[in-house]
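We name chains A, B, ... by the order of the sequence lines, and we start the count at 1 in each one.
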There are 2 protein chains.
Amino acid sequence: MTTRNREDYLISILRLTEGQSAIKTTELSTFMNISPASVTEMVKILSNEGLVEYEKYKGVKLTESGLHVARQVRKKHHVMEHFLMDILNLDHDAAHEEACKMEHAISDESAVKMCKMFGIPVDDDCKSCKNPCDACLGKTNDSSKVLVSLTPGEHGMISHLKSDDPDVVKKLISLGFVPGREVTMDSKISDKGPRVIGLGNSTVALDFGMASSIFVDVSS
Amino acid sequence: MTTRNREDYLISILRLTEGQSAIKTTELSTFMNISPASVTEMVKILSNEGLVEYEKYKGVKLTESGLHVARQVRKKHHVMEHFLMDILNLDHDAAHEEACKMEHAISDESAVKMCKMFGIPVDDDCKSCKNPCDACLGKTNDSSKVLVSLTPGEHGMISHLKSDDPDVVKKLISLGFVPGREVTMDSKISDKGPRVIGLGNSTVALDFGMASSIFVDVSS
DNA sequence: TATATAATTTAGGAAACCCTAAATAATTAT
DNA sequence: ATAATTATTTAGGGTTTCCTAAATTATATA
C-alpha cells in the first residue's frame, strides 16, 4: 500500500525519467524540493518495496510495478485537473495545485468513471499504456449513440441534437427530429452515405452530416 | 493549518457532540478506532491550538473555531459523497469511504462550486451555520433563471444544474453543459417543447426536461 | 467510608518523513 | 596521476501519530 508521499516520489521519478532511463537523486531532490539526504533515504525504501531500481551513486528508475503505480496516479492527476479546470473553472495553476492533493484521495474506480464521464482526451500516459482506459481512448459515458452508427433495424429515442452548425439543428427540428421522438434506422447506402430513417409513420432520408448530429438512446 | 488527521478528529468530535455538550475521550477513541491514549494525546494538542476545549478526566468539545473547521470539512464530505453516489454511481458505503479521503483534499472554493453545480440540498451543517453557503440554503443565486424560461436571443452563463434525476445532470455534464459556460437560447418549438441552445461553437437541442435542469445567470 | 473496578492519563517506544552537518565517493582540473 | 571540487550518502535529530503497559483518578460497591 503506497502512501501519498511515496506516490509523489513515484510520479516525480516518472516525470524525470521520461526520455532518460535513470535519474540522479539530486535531480529528484531539486525537482521535489526535498533535501538530497531525504531523497536518498526514501529511494532506499522504495527500492526495498520493489517500486524502483536504485544503485548507490548511480541513480534511480522505476520498476514495472513502480511504473504502473506512477501512471495510475498521474492519470488521476489529469482527470482531476480536467475536472477542476473545465468543470469547476479553476485556472490552470490552482487546478494543478489541487489535483496534486486529490490524485492521492480518489480511487482507481472513480478515476476511470470520471474519465469516461467527461470523455477526457488521450493523456500522455496512455500513449504507451498497455491497457489504456476507455477515457483515454476517447470514449464517453454518454449512453446515447450517434444515429449514423446504428445498424438497420436498430431504433431508439432521440436524446439530443448537436452540431457546430445551428442551421443543421434547426433544420432537423423542422423535419420533426426533436428530442423524445422515436426513430428507426431503416437502411444505409454506404458508410458515409445518407441514411433512411423511420420517424413516426413517415420515413425520411438524411445525408450523413445531418444524421451525425442526432444522438439517440438505443432501445434493446 | 489543520492536517488531515486533525480534521478527522474534529469532525468526529462534531459528530459525537451533536446533542450533548461534551464527550469523553474514550467515546472518541471507540468511535475513531484509535487507542484511548492516542486520543488523549491528540486532544491536548488540539486544545493547545484552540480548536477544542479539554479538561482532564472531564471531556472534550469544540471551540468556535474548531466547530467552524469541522463543519467546513463535513460539508466537503457531503458534496463529495453526493458526487460519488449520484454522478459516479458508487453505492453509499463506497462513496462514504472515498469521501472520507477526498474531504481533506478538496479546497473550500472547489467545494462551494460543486455545491452550486449540483444544487445540493440543505445539509444539516448549515442549519446552525452562521454564514451558510448559497448551496446549503438551496437558494441558488436569485438572479439565475431556468434555461427554458429564456426568450430566443437571451444568453448568459450556466450557474448550476439541478434535477431530481441524477442521470439528467450526468448527461448534461457529458454534453458540456457545466457551470461557467456561456449558453444562448436560440429558439423554441413550443412552450413545453425542446429548446435549441447555443453552447460554445455548437448548437444543441434538448428536450424540455433537460433544459429545465439548467440554470443560467442571464447577461443583460 | 474504604476499596475494588473502570476510565483516563502518563511513560516509553515505533514508523514515516523531513532536516542539517559530516563523511565518502565521483568527477574535474592541474 | 593527484588534488580540488562536487555529488551523494551516512549519522544524528526532530515532528507527527500511533501503540502498549503502567500509573493515576473517578466511580461504584460493600
Let me know the distance between [atom1] of [X] and [atom2] of [N], rounded to the nearest Å.
| X | N | atom1 | atom2 | value |
| --- | --- | --- | --- | --- |
| A:Asn48 | C:dA16 | CG | P | 11 Å |
| A:Asp8 | C:dA16 | CG | C1' | 14 Å |
| B:Glu49 | D:dT16 | CD | P | 8 Å |
| A:Asn33 | C:dC19 | CG | P | 8 Å |
| A:Lys58 | D:dT9 | NZ | P | 12 Å |
| A:Ile34 | C:dC18 | CD1 | C1' | 8 Å |

Pairs meeting criterion side-chain hydrogen bond (donor to acceptor under 3.5 Å, both in side chains) with involvement of residues 43-60 of chain B, two or more places apart:
B:Arg6-B:Glu49

Under the side-chain contact (heavy atoms from CB on, under 4.5 Å) test, which residues partner [X], sequence neighbours left out?
| X | answer |
| --- | --- |
| B:Asn5 | B:Thr3 |
| B:Ala95 | B:Glu81, B:Leu84, B:Met85, B:Leu90 |
| B:Asp207 | A:Pro179, B:Met210 |

[N] phosphate, OP1 or OP2: any side-chain N/O from [X] under 4.0 angstrom?
| X | N | answer |
| --- | --- | --- |
| B:Asn5 | D:dC18 | yes |
| A:Ser35 | C:dC19 | yes |
| B:Thr25 | C:dT9 | yes |
| A:Tyr9 | C:dA16 | no |

For [X], which residues count as a side-chain hydrogen bond (donor to acceptor under 3.5 Å, both in side chains) partner, sequence neighbours excluded?
| X | result |
| --- | --- |
| B:Asp86 | B:His82 |
| B:Thr25 | none |
| A:Thr2 | A:Glu7 |
| A:Ser219 | none |

Have A:Ser38 and A:Glu41 got a donor and an acceptor in their side chains that come within less than 3.5 Å?
no

Report all interatomic pairs (protein N or O, nucleotide N or O of nucleotides 25-28 of chain D) with separations under 3.5 Å.
residue	atom	partner	partner atom	Å
D:dT25	O4'	B:Tyr57	OH	3.4

According to the interplanar angle, ranging from 0 to 90°, do the rings of A:Phe83 and B:Phe83 count as parallel (below 30°), tilted (30 to 60°) or perpendicular (above 60°)?
tilted

What's touching nucleotides 1-4 of chain D from the protein side, N or O pairs under 3.5 Å?
none

So which one's nearest nucleotide on DNA chain C is more toward 5', A:Arg4 or B:Glu27?
B:Glu27

Output every pair passing ring pair (Phe, Tyr, Trp, His ring centres under 6.0 Å) with a member in residues 86-114 of chain A, not counting sequence neighbours, ordered by first then second residue.
A:His77-A:His96

Those residues of residues 37-46 of chain B lying under 4.0 Å from DNA chain D by at least one heavy atom:
B:Ala37, B:Ser38, B:Glu41, B:Met42

